[in-house]
Amino acid sequence: DHGFRRIVVFLCIVFFREELAAGQFLGVPISVWIVILVLLLVWAFTRRTALGLMIEAIGDSPSAARMVGLPVRLVITLTYVVVAVCAALA
């Protein structure tokens, strides 16, 4: 539990300090690195987790997903909640 809190605090310090946000790492602006990190995390989430695959299946065909037993309403609701949290953090 303490390790997780330390990671969160470290990430907040790293990503939200003005000096670092205006700086560069390996000649590339930090904001570009943040975008790359977020894209990799989203890719990993959508391709490597059951929830990500369910979201994709429901997006392709909600009626087919419902027929195979996926909890369509629950997944859609969770998706909206996650998107709202991301928007609030942005």
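By convention here, the first residue in the shown sequence is residue 1.
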Tracing side-chain contacts under 4.5 Å among Ile, Leu, Val, Met, Phe, Trp and Tyr outward from V35 reaches L39
The side-chain contact (heavy atoms from CB on, under 4.5 Å) partners of V38 (sequence neighbours excluded) come to I34, V42
Apart from L74 itself, its cluster of hydrophobic side chains linked below 4.5 Å comprises L78
The reported gap from OG1 in T46 to CG in L41 (rounded to nearest 0.5 angstrom) is 10.5 Å
W43 meets the ring pair (Phe, Tyr, Trp, His ring centres under 6.0 Å) criterion, sequence neighbours left out, with none
Residue pairs meeting salt bridge (Lys or Arg N to Asp or Glu O under 4.0 Å), one or both in residues 28-47, sequence neighbours left out, come to R47-E56
Residue pairs passing the salt bridge (Lys or Arg N to Asp or Glu O under 4.0 Å) test with at least one member in residues 27-39, sequence neighbours excluded, are none
So salt bridge (Lys or Arg N to Asp or Glu O under 4.0 Å) across residues 65-89, not counting sequence neighbours, yields none
Contacts of R48 meeting side chain to side chain donor-acceptor pair (under 3.5 Å) (sequence neighbours excluded), chain-then-number -> none
Cluster membership besides L51, Ile/Leu/Val/Met/Phe/Trp/Tyr side chains within less than 4.5 angstrom, sorted by chain and number, is F45, M54, I55, I58, V68, L70, V72, V75, I76, Y80
Sorted by chain and number, sequence neighbours left out, side-chain contact (heavy atoms from CB on, under 4.5 Å) with S61 holds for S63, A64
